[in-house]
Amino acid sequence: MAVTRFAPSPTGYLHIGGARTALFNWLLARKSGGKFILRIEDTDTKRNTPTATEQVKKDLSWLGINWDEGPGIGGENEPYLQSQRRGIYDKYMAKLLAEKKAYYCFETAEELNALRKQAEIAKRNFTYPRPEIFPNDSDVKKAEAAGKPAVIRFAMPFEEIIVSDVIRGEVRFAAGEMGDFVIQKSDSFPTYHFACVVDDELMGVTHIIRGQEHLNNTPCHQALQDSLGFSRPIYAHMSVTISQTGGKLSKRERPKALRNAIKAKAEIDIEKLAKAAGITTDEINEFIAGKTIPDMPAIDAMAEFLGVVLPEINVIDFFRNGYLPETMVNFMALLGWNPGGDKEIMPLEELLDCFDISRFSKSNSLFDRDKLISFNTEYIRTISKEKLLAHFKSYLCEIDSVANKANDVLLAKILEICEGARTLADIERKCRFLFLQNDKIEYDPKAVKKILLKNDGLAILQIIAGKIEAMQEISAEKIENMLRNMAEEKQLGLGKIAQPLRVAICGNTISPPIFESVNMLGKENTLARIDITLRTFEGKAHG
RNA sequence: GGCCCCAUCGUCUAGGUAGGCCUAGGACACCGGGUUUUCAACCCGGCAACAGGGGUUCGAAUCCCCUUGGGGCUACCA
């Protein structure tokens with residue numbers, strides 16, 4: 001019976017690395033019949049964003065990761081927001097202070113930085129110089145009166161610390177390697193290290209699966225656990241997921257990509273860009289200079305304005321780009337973990353079936369978008385029609401598509417004829433033409449030139465129009481027969497006949513299969529679109 | 001700079017804890033071919049790896065050491 005938790009800080013959207021951590025902790029809890037706790041680590045008041053907790057809950061739910069205890073649903077370990085647990089931390093903090101295992105200090109950031117610099121020059125590891133005698137109550141009052149910041153540091157015991165890790169084995173940290181770290185900030189909030197250790201103990205967390213970036217924190221956490229008389233959870237430090245550009249996959253990826261895109265463009269109208277993003281030109285210039293990062297809607301707006309595609313980092317990015325939650329879960333599970341053998345496509349239930357904490361790999365893995373797409377293609381092809389329809393509907397709603405108004409029957413039909421699509425976005429793009437006004441079709445210039453203005457494209461269209469006109473009512477079958485007969489009569493490939501029709505009804509050369517497309521669009525609309533096309537490009541043909 | 005982690009095809013990886021089953025398997029990508037009304041999808045075939053150097057051993061992808069390379073941490077962020 002494993003009790004695990006996912007403990008994000010509410011700083012924005014749930015990113016893929018966080019989701020992966022959540023998934024593995026969830027898998028372990030479910031597999032062992034234990035429980036999975038959601039805890040919000042909001043001890044950094046400066047970085048918290050108000051909607052983040054709700055967003056994280058939404059993103060986890062989309063993935064199908066549910067929690068037994070957490071904000072909103074409560075549980076025996078309430079509350080689940082660390083900002084609401086300060087009384088608890090204060091109690092343990094006081095204990096440490098009373099036992100002289102922690103102490104106050106008053107340096108400013110500048111003073112500390114100077115010390116760090118000195119250490120670096122001397123090629124030494126910086127550790128805080130612990131005073132011989134810890135400051136007492138009156139010292140604290142004096143410092144506060146003088147306006148000095150007061151933080152509490154934990155007095156690290158001087159001894160070798162061995163971290164026993166499920167994935168890495170025994171990792172040794174020499175005595176004195178880890179200095180006295182801050183456990184309470186000057187705003188009197190506990191730091192992550194302290195709050196996390198206390199909560200994990202109180203909530204009965206037995207296993208902690210987290211990223212390798214925490215491995216160096218673990219000796220500190222263990223020392224804290226020992227000093228407080230806590231038990232020690234089992235640790236598993238996973239490999240990190242790296243992006244294609246090298247380096248940890250992080251939320252900084254998107255702003256970085258956007259900044260590079262802006263710099264790469266020779267001429268950019270900063271004012272227009274600012275307007276599109278809803279921010280000031282000063283803010284843009286600071287962003288370009290690398291000083292600040294605008295919020296996500298502004299980033300997205302700028303990317304759209306410039307026509308650049310940003311790498312997906314947040315769970316919601318994948319949702320908005322047409323990936324299925326099933327795809328994401330399966331793919332994330334295979335980043336740094338695998339069940340052995342050749343099997344790759346495994347839905348959540350199967351994953352649960354074969355999950356084994358001892359099968360994590362040690363080396364970092366690269367996030368391969370090509371493989372992700374192929375997984376998505378596979379899932380679109382194989383999940384049930386009902387699930388696919390539900391996913392498609394929520395996708396259309398999320399991106400506010402013109403297809404949003406379609407009913408379930410139509411949508412199901414679209415899904416059926418778009419078999420083989422790689423993402424929901426592909427399907428949406430392909431079928432969008434069905435929902436546009438006849439005179440709102442945008443013609444792709446290349447398609448017009450290549451298909452309509454050459455090889456008698458317009459003349460063929462004219463003939464097709466006549467044949468459709470003559471039909472009492474149309475069907476996919478009738479359209480198919482008509483086009484095939486025509487191709488045969490004219491001694492042409494079907495493509496030569498079908499392509500002009502395709503361009504006429506949807507404006508480009510990409511659409512669902514043509515017979516069904518015409519059928520779904522209907523006789524009247526098809527004729528109207530052919531008519532508009534003919535009138536628009538009449539007389540422009542050449543050769 | 002200091003500390004920590006890691007190292008099999010371009011990528012994700014199987015194999016490594018019990019060394020011979022590995023002339024190293026699968027998947028994605030790529031290349032060639034087939035199918036085809038567009039884009040996809042689908043089918044068949046192909047290319048492609050144990051980072052380098054020392055050991056240990058009858059025998060090493062598998063164990064040990066060094067080098068090199070990659071990654072992480074180094075905050076009053078989590």
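So you know, we letter chains A, B, ... as the sequences are listed, proteins then strands, and number each from 1.
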Problem - A:Asn125 side-chain N/O to B:U74 phosphate OP1/OP2 under 4.0 Å - result: no
Completion exercise
Among the nucleotides B:C5, B:C42, B:U37, whichever has the atom closest to the side chain of A:Gln212 is B:C5
Completion exercise
Against the side chain of A:Ile514, the closest entry in B:U37, B:C77, B:U11 is B:U37
Handout entry: Per A:Arg359 side chain, nearest of listed nucleotides B:G15, B:G71, B:U37
Key = B:G15
Practice task
Using a heavy-atom cut-off of under 4.0 Å over every strand shown, decide if A:Gly336 touches base, sugar-phosphate, or nothing.
Solution key: sugar-phosphate
Exercise for the section: Provide, to the nearest angstrom, the distance between the CD atom belonging to A:Glu344 and the C1' atom belonging to B:A14. Expected result: 10 Å
Handout entry: A:Arg5 with A:Asp199: basic N within carboxylate O range, under 4.0 Å
Key = no
Problem - B:A27 phosphate, OP1 or OP2, under 4.0 Å from A:Ser374 side-chain N/O - result: no
Practice task
Check whether any side-chain N or O of A:Lys117 sits under 4.0 Å from OP1 or OP2 of B:G1, and answer yes or no.
Solution key: no
Problem - Interatomic distance at C1', B:G46 relative to B:C28, whole Å - result: 16 Å
Problem - Touch class at under 4.0 angstrom, heavy-atom based, for A:Ser186 against every strand present - result: base
Exercise for the section: For the pair A:Asp44 and A:Arg47, find out whether any cationic side-chain nitrogen is under 4.0 Å from an anionic carboxylate oxygen. Expected result: yes
Exercise for the section: Determine the contact category for A:Ser358: base if any of its heavy atoms lies under 4.0 Å from a base atom, sugar-phosphate if only primed atoms, P, OP1 or OP2 are that close, otherwise nothing. Expected result: nothing
Problem - A:Glu120/A:Arg116 salt bridge by N-O under 4.0 Å criterion - result: no
Exercise for the section: In whole angstrom, give me the gap between the P atoms of B:U56 and B:C12. Expected result: 34 Å
Practice task
Write down the partner of B:U62 under the Watson-Crick or G-U wobble criteria, each distance required to be under 3.5 Å.
Solution key: none
Problem - Touch class at under 4.0 angstrom, heavy-atom based, for A:Thr377 against every strand present - result: sugar-phosphate
Exercise for the section: For A:Lys496, answer base if it contacts any base atom (sugar-phosphate contacts may also be present), sugar-phosphate if it contacts only those atoms, and nothing otherwise; contact means non-hydrogen atoms under 4.0 Å. Expected result: nothing
Practice task
Look at A:Arg210 and B:C73 and indicate whether a side-chain polar atom (N or O) is within less than 4.0 Å of OP1 or OP2.
Solution key: no
Problem - Short N-O contact, A:Glu516 and A:Lys413, less than 4.0 angstrom - result: yes
Handout entry: A:Arg369 side-chain N/O to B:A29 phosphate OP1/OP2 under 4.0 Å
Key = no
Handout entry: Nucleotide nearest A:Asn217 when distance is taken to its side chain, options B:C12, B:A78, B:U37
Key = B:A78
Handout entry: Whole-Å C1' distance, B:G15 and B:C77
Key = 40 Å
Handout entry: Contact under 4.0 Å: A:Arg116 side-chain N or O vs B:C76 OP1/OP2
Key = yes
Exercise for the section: With heavy atoms under 4.0 Å as the rule, sort A:Glu107 into base, sugar-phosphate or nothing. Expected result: base
Problem - Partner nucleotide, any strand, of B:U23 [Watson-Crick/G-U, under 3.5 Å] - result: none
Exercise for the section: Quote, to the nearest angstrom, the C1' distance that separates B:A51 from B:U68. Expected result: 8 Å
Handout entry: Selected nucleotide, minimal atom distance to A:Asp370 side chain, candidates B:C28, B:C76, B:U38
Key = B:C28
Practice task
For B:C64 versus B:U8, give the span between their P atoms, rounded off to a whole number of Å.
Solution key: 16 Å
Practice task
Using the six-membered ring of A:Tyr104, assess whether NZ or CZ of A:Arg153 lies under 6.0 Å from its centre and within 45 degrees of the ring axis.
Solution key: no
Problem - Residue-phosphate contact under 4.0 Å: A:Arg124 side-chain N/O, B:C3 OP1/OP2 - result: no
Handout entry: Under-4.0 Å side-chain N/O to phosphate OP1/OP2 contact, A:Ser361 with B:U13
Key = yes
Completion exercise
Taking B:C77, B:U37, B:C4 as options, the one with an atom nearest any side-chain atom of A:Thr191 is B:C77
Practice task
Remember a base hit wins even if backbone is also touched, and classify A:Ser363 as base, sugar-phosphate or nothing at under 4.0 Å, heavy atoms.
Solution key: sugar-phosphate
Completion exercise
Testing B:G72, B:A78, B:U11 for proximity to the side chain of A:Leu366, the answer is B:U11
Completion exercise
Considering only heavy side-chain atoms of A:Val151, the closest of B:A78, B:C76, B:C6 is B:C76
Problem - A:Thr51 and A:Glu54: side chain donor to acceptor below 3.5 Å - result: no
Problem - A:Arg172 with A:Glu170: basic N within carboxylate O range, under 4.0 Å - result: yes
Handout entry: B:A78 and B:A41, which share atom name C1', separated by this distance in whole Å
Key = 44 Å
Problem - Side-chain ion pair, A:Arg381 and A:Glu378, N-O less than 4.0 Å - result: yes
Practice task
Would you mind classifying the nucleic acid contact of A:Gln499 as base, sugar-phosphate or nothing, using non-hydrogen atoms under 4.0 angstrom?
Solution key: sugar-phosphate
Exercise for the section: Once you apply the 3.5 Å cut-off to both distances, tell me the Watson-Crick or G-U wobble partner of B:G10, or none. Expected result: B:C28
Practice task
Give one of base, sugar-phosphate or nothing for A:Phe375, where a contact means two heavy atoms less than 4.0 Å apart.
Solution key: nothing
Problem - Gap in Å between the two P atoms, one belonging to B:G71 and one to B:G26, rounded - result: 30 Å
Handout entry: Short side-chain N/O contact from A:Arg422 to OP1 or OP2 of B:A41, under 4.0 Å
Key = yes
Exercise for the section: Mind checking A:His214 for me? I need base, sugar-phosphate or nothing, with any heavy atom below 4.0 Å counting as a touch. Expected result: base
Practice task
Measure the distance from CG on A:Asp356 to C1' on B:U13 and round it to the nearest whole Å.
Solution key: 16 Å
Practice task
Using Watson-Crick or G-U wobble geometry with both distances below 3.5 Å, tell me the partner of B:C76, or none.
Solution key: none
Handout entry: Basic-acidic side-chain contact under 4.0 Å: A:Glu312, A:Arg254
Key = no
Completion exercise
Assign each of A:Glu170 and A:Leu334 the nucleotide of RNA chain B bearing its closest heavy atom; nearer the 5' end lies the nucleotide of A:Glu170
Fill in the blank from the handout: Checking B:G71, B:U38, B:C12 against the side chain of A:Ser511 (C-beta onward), the nearest is B:U38
Practice task
Determine: side-chain N/O of A:Lys123 to OP1/OP2 of B:C3, distance under 4.0 Å, yes or no.
Solution key: no
Handout entry: Options B:U37, B:A78, B:G10, nucleotide nearest the side-chain atoms of A:Asp368
Key = B:G10
Exercise for the section: Write down the distance separating the P atoms in B:C39 and B:C31, rounded off to the nearest Å. Expected result: 15 Å
Handout entry: Contact nearer the 5' end of RNA chain B, comparing A:Glu480 with A:Arg153
Key = A:Glu480
